[in-house]
S.K.: 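Right, I'll just put the structure down here and ask away after.
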Amino acid sequence: AQSVSQHNHHVILSEAASLELGCNYSYGGTVNLFWYVQYPGQHLQLLLKYFSGDPLVKGIKGFEAEFIKSKFSFNLRKPSVQWSDTAEYFCAVNTNAGKSTFGDGTTLTVKP
Amino acid sequence: GAVVSQHPSRVICKSGTSVKIECRSLDFQATTMFWYRQFPKKSLMLMATSNEGSKATYEQGVEKDKFLINHASLTLSTLTVTSAHPEDSSFYICSASSGAGDPKSEQYFGPGTRLTVT
């Protein structure tokens, strides 16, 4: 069975700081990886996804993630965070059945 | 982008009663819908996967007789919590996908339903 681990439970940054959120997965087969974001009071929405090809994928709002197969990782990054990036971030792995296994989430708080 | 709605957004029911939660895809046909439960400060726990016109597939540990799922059309799935108890109080989230079983398919999430059982 697949599993997803997000090591940072709560990250607090000042505006303009750089962000990196860790995500490691455990799965023996081909992976499809996603990062979702949940802004306060809103529902989950897709930030970016990786299926194949270039391991560095770019998403909305300046976010990017890098797939490192040898490390089973898919870390999320942003060079300069904004107050509006305050949200809950979830890493997810899709199985062949199309269902997602989610990590426990990372709460990002950006101080203005 | 694709929109998924849930109704109601909040519901309070008495212990022993049943409550139905609806999940609708508003602008696309959802061949697959997923139901999750989200605990405070915890991840989303997948409860079941439903494909239109067929029986739902439940995750291990989820009681299918307690959490009845119906996916009668390509735009509607319902979750009925039967004989609800206080421990069923939680945040229930549905998601919809247009790619049946396609692992590359993006899921579109509903806003969630807060269930409180008194």
Side-chain angles (χ1 to χ4, degrees), chain A residues 1-11 21 23-25 27-53 57 59-61 67 87-109, chain B residues 1-7 9-10 23-26 30-52 54 56-62 69 77 91-114:
Chain A
Q2 67 282 348
S3 65
V4 179
S5 176
Q6 291 181 241
H7 314 296
N8 317 102
H9 297 294
H10 194 179
V11 173
L21 301 182
C23 172
N24 286 88
Y25 64 91
Y27 185 65
T30 302
V31 291
N32 300 285
L33 299 158
F34 300 76
W35 274 98
Y36 290 92
V37 60
Q38 187 173 29
Y39 297 104
Q42 297 187 28
H43 47 123
L44 279 156
Q45 55 186 286
L46 181 69
L47 206 52
L48 48 78
K49 58 189 175 185
Y50 170 80
F51 299 147
S52 62
V57 292
I60 60 172
K61 304 186 179 184
F67 169 57
E88 189 83 18
Y89 292 82
F90 293 94
C91 182
V93 171
N94 268 23
T95 69
N96 289 334
K99 60 182 182 181
S100 294
T101 298
F102 285 79
D104 283 345
T106 297
T107 302
L108 171 64
T109 301
Chain B
V3 178
V4 175
S5 70
Q6 278 184 245
H7 178 79
S9 57
R10 292 177 177 271
C23 176
R24 293 182 185 272
S25 58
L26 299 184
T31 50
T32 306
M33 286 185 169
F34 304 91
W35 286 95
Y36 296 87
R37 186 170 174 176
Q38 187 176 34
F39 297 93
K41 301 194 178 189
K42 287 286 185 183
S43 179
L44 281 73
M45 183 195 79
L46 180 65
M47 299 174 66
T49 303
S50 74
N51 291 298
E52 185 265 338
S54 60
T57 302
Y58 290 81
E59 295 300 301
Q60 192 172 10
V62 178
I69 292 172
S77 176
F91 196 57
Y92 292 88
I93 301 175
C94 75
S95 72
S97 169
S98 58
D102 182 354
K104 294 182 172 58
S105 290
E106 177 181 344
Q107 292 181 47
Y108 300 95
F109 288 84
T113 297
R114 172 72 60 192

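Residue numbers start from 1 in every chain, and the chains themselves are labelled A, B, ... in the order their sequence lines are given, proteins ahead of strands. The basis for the numbers below is simple: all heavy atoms, side chains too, and nothing from hydrogens, waters or symmetry mates.
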S.K.: Between B:Q60 and chain A, which part of the residue has a heavy atom less than 4.5 Å away: side chain, backbone, both or neither?
M.R.: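 For B:Q60, there is no contact with chain A at all, as no heavy atom is under 4.5 Å.
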
S.K.: State the CD-CZ distance between B:Q107 and A:F34, to the nearest 0.5 angstrom.
M.R.: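 Atom-to-atom, B:Q107:CD and A:F34:CZ are 7.5 Å apart.
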
S.K.: Counting only heavy atoms not in A:H7, do more than 12 fall under 6.0 Å of its NE2?
M.R.: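 Enclosed: over 12 neighbouring heavy atoms sit under 6.0 Å from NE2 of A:H7.
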
S.K.: Checking A:F102 against chain B: side chain, backbone, both or neither under 4.5 Å from a heavy atom?
M.R.: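 Both parts, heavy atoms under 4.5 Å.
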
S.K.: Yes or no on side chain to side chain contact (heavy atoms under 4.5 Å, CB included) for B:F109 and A:Q38, after CA distance, side-chain angles and deciding distance?
M.R.: CA-CA 10 Å; B:F109 288 84; A:Q38 187 173 29; over 6 Å; no

S.K.: Report which part of B:L44 has an atom under 4.5 Å of a heavy atom belonging to chain A: side chain, backbone, both, or neither.
M.R.: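 Contact with chain A is through both the backbone and side chain of B:L44.
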
S.K.: Taking side chain as everything from C-beta outward and backbone as N, CA, C, O, which of these in B:Q38 sits under 4.5 Å from a heavy atom of chain A? Side chain, backbone, both or neither.
M.R.: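 Answer is side chain: those atoms of B:Q38 sit under 4.5 Å from chain A.
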
S.K.: Identify which part of A:Y36 has an atom lying under 4.5 Å from any heavy atom of chain B, answering side chain, backbone, both or neither.
M.R.: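 The answer is the side chain of A:Y36.
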
